[in-house]
Amino acid sequence: MKIGIMGTGNIAAFLLKSINEEKQIKGTITTVFGRNQEAGKGLAETYQTRFYPDFDSFIGSDIDIVVEAAAVEVAAAYSVPVLENGKDLIVSSVGAFADGGFLENVRETAKDHGRTVHLPSGAVGGLDLLKSANASGGLEKVMITTRKSPASLGLEGVSEEKLMFDGPAGEAIGKFPKNVNVALALSLAGIGTEKTRVRVIADPSVERNTHSIEAEGSFGNMTATIGNLPMPGNPKTSYLAALSVLAALKNQGNPVVIG
């Protein structure tokens, strides 16, 4: 499996180290695409891969699957072109799919070109349970409370706990596009962006980003809390989010899929 990565940040560096250096999966990252030429060239030199600052050269290279590991804007701009060029796609910036029309466009493009789009679970768990609970429309309530340090939310001068947002997931993504991908993942697995409630709390006392999920329906109820450590050097990105992308790559072509 030949892998192309869109992005030159922490997740890209983690995947390059895990795959090209540590050989954790049967595959190789052969190309990297991004705007930051200095970072891209550094990654290419360190991990023996190629860097392209333009999309056409990147997508025309010898790759089987593309991993978006950059930002919502990148996922929104390039998901459809990736599929149109006959590549499977893994999207880490799930917030791009807050636009239902865009989601449908990606779905139809993937179908027309016989491609697969994978949205990793990111920084949360329980997506399989929500999908099962909603299989016959029996999921009634989903709420996620995200508690992060002010620094991870890009805030300064916050000395005590502060509720930053309380509302539907679709609106939360618009206000915190780099921090609540998990809310949209839950929405897509469950009852949608308008019915899924999101609370975002800035808390200077927390050492880990935490996501508390509550769900109710005809299946019963679920409560889960995940305490995530951030990626080294980037408090806005969960380490588990990077691991979920690696897990998605490991699962490519697996004849037995669990969950």
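These values consider heavy atoms only, across backbone and side chains, with no hydrogens, waters or symmetry-generated copies.
Among residues two or more places apart in sequence or in another chain, the salt bridge (charged side-chain N to carboxylate O under 4.0 Å, His left out) test is passed with Glu161 by Arg147. Residues passing the ring-ring contact (aromatic ring centres under 6.0 Å, His included) test with Tyr52: none are found, sequence neighbours excluded. Residues meeting the salt bridge (charged side-chain N to carboxylate O under 4.0 Å, His left out) test with Lys2, sequence neighbours left out: Asp62.
Neither Val206 nor Phe165 shares a network with the other; the hydrophobic side chains, linked directly or stepwise wherever heavy atoms of I, L, V, M, F, W or Y lie under 4.5 Å apart, form separate groups for each. Taken together through direct or relayed side-chain contacts under 4.5 Å among Ile, Leu, Val, Met, Phe, Trp and Tyr, Met143 and Leu129 form parts of separate hydrophobic clusters. Both Leu243 and Leu249 belong to a common hydrophobic cluster when Ile, Leu, Val, Met, Phe, Trp and Tyr are linked at side-chain heavy-atom distances under 4.5 angstrom. Criterion: ILVMFWY side-chain heavy atoms under 4.5 Å apart, direct or through other members. Under it, Phe176 and Ile201 are not part of a common hydrophobic cluster.
Summarising the geometry, atom CG belonging to Asn85 is positioned 10.0 Å from atom CZ belonging to Phe58; distances are rounded to the nearest 0.5 Å. Note: Ser238 OG to Ile11 CD1 = 8.5 Å, rounded to the nearest 0.5 Å. Rounded to the nearest 0.5 Å, atoms NZ (Lys131) and CG (Leu139) are 13.0 Å apart. To the nearest 0.5 Å, atoms OG (Ser187) and CG (Leu127) are separated by 10.5 Å. Between the CG atom of Leu119 and the OG atom of Ser93 there is a distance of 11.0 Å, given to the nearest 0.5 Å. With rounding to the nearest 0.5 Å, the separation of OG1 in Thr109 from CG in Leu89 is 11.0 Å.
Between Gln48 and Asn20 the shortest side-chain heavy-atom distance does not fall below 4.5 Å. At a threshold of 4.5 Å between non-hydrogen side-chain atoms, the residues Leu155 and Lys162 do not count as touching. At least one side-chain heavy atom of Val80 sits under 4.5 Å from a side-chain heavy atom of Val106. The side-chain heavy atoms of Ile19 and Tyr47, taken from C-beta on, include no pair separated by under 4.5 Å. Counting heavy atoms from C-beta on, the side chains of Arg197 and Asp166 come closer than 4.5 Å. Side-chain contact check for Thr146 versus Asn209: every heavy-atom pair is 4.5 Å or farther apart. Counting heavy atoms from C-beta on, the side chains of Ile213 and Ile226 come closer than 4.5 Å. Between Ile25 and Gln252 the shortest side-chain heavy-atom distance does not fall below 4.5 Å.
Shortest non-hydrogen contact noted between Leu184 and Gly95 is CD2-CA, 3.5 Å. Annotation for Thr210 and Gly227: closest pair CG2-CA, 4.0 Å, computed over non-hydrogen atoms. Contact record, Ser92 with Ala70: OG-N, 4.4 Å, taken as the closest heavy-atom pair. Of all heavy-atom pairs spanning Phe219 and Ala133, the tightest one is CD2-CB, 3.5 Å. The heavy-atom pair separating Ala183 from Ala169 by the smallest distance is O-CB, 4.1 Å. Minimum interatomic distance between Ile90 and Pro120 (heavy atoms only, all atoms of both residues): CG2-CG, 3.6 Å.
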Verdict with reasoning, Thr46 to Leu16, per side-chain contact (heavy atoms from CB on, under 4.5 Å): CA-CA 9 Å; Thr46 301; Leu16 281 159; over 6 Å; no
Full working for side-chain contact (heavy atoms from CB on, under 4.5 Å) between Val142 and Lys195: CA-CA 8 Å; Val142 179; Lys195 294 182 180 180; over 6 Å; no
From CA spacing to verdict: side-chain contact (heavy atoms from CB on, under 4.5 Å), Val158, Leu153: CA-CA 11 Å; Val158 177; Leu153 291 167; over 6 Å; no
Verdict with reasoning, Ile3 to Asp64, per side-chain contact (heavy atoms from CB on, under 4.5 Å): CA-CA 6 Å; Ile3 306 161; Asp64 305 309; over 6 Å; no
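Judged by distance alone, with hydrogens and angles left aside, the side-chain atoms of Thr196 form no donor-acceptor pair with the main-chain N or O of Thr193 at under 3.5 Å. Ser152 places a side-chain N or O within 3.5 Å of a backbone atom of Ser149 that can act as its donor or acceptor partner.
Under the side-chain contact (heavy atoms from CB on, under 4.5 Å) rule, Asn221 has a single partner from Glu140, Glu216, Glu214, Lys141, which is Glu216. Of the options Val67, Val91, Ile5, a side-chain contact (heavy atoms from CB on, under 4.5 Å) to Val245 is made by Val67 and by none of the others.
Annotation: Tyr239, atom OH; neighbour count of heavy atoms from other residues, nucleotides and ligands within 6.0 Å does not exceed 12. At most 12 heavy atoms of other shown residues, nucleotides or ligands fall within 6.0 angstrom of atom CD in Glu45.
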Counting only pairs under 3.5 Å, give me each side-chain donor-acceptor contact of residues 26-43, with atom names and distances, residues two or more places apart or in other chains.
unit_1 : atom_1 : unit_2 : atom_2 : d
Asn36  : OD1    : Glu38  : N      : 3.2
Asn36  : OD1    : Ala39  : N      : 2.9

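Applying the ring pair (Phe, Tyr, Trp, His ring centres under 6.0 Å) test to pairs two or more places apart or on separate chains, those with a residue in residues 100-133 are Phe97-Phe102. Sorted by first and then second residue, the pairs that involve residues 84-107 and meet salt bridge (charged side-chain N to carboxylate O under 4.0 Å, His left out), not counting sequence neighbours, are Asp88-Arg115, Glu104-Arg107.
Residues Glu68 and Ser79 bring no donor and acceptor atom of their side chains to less than 3.5 Å of each other.
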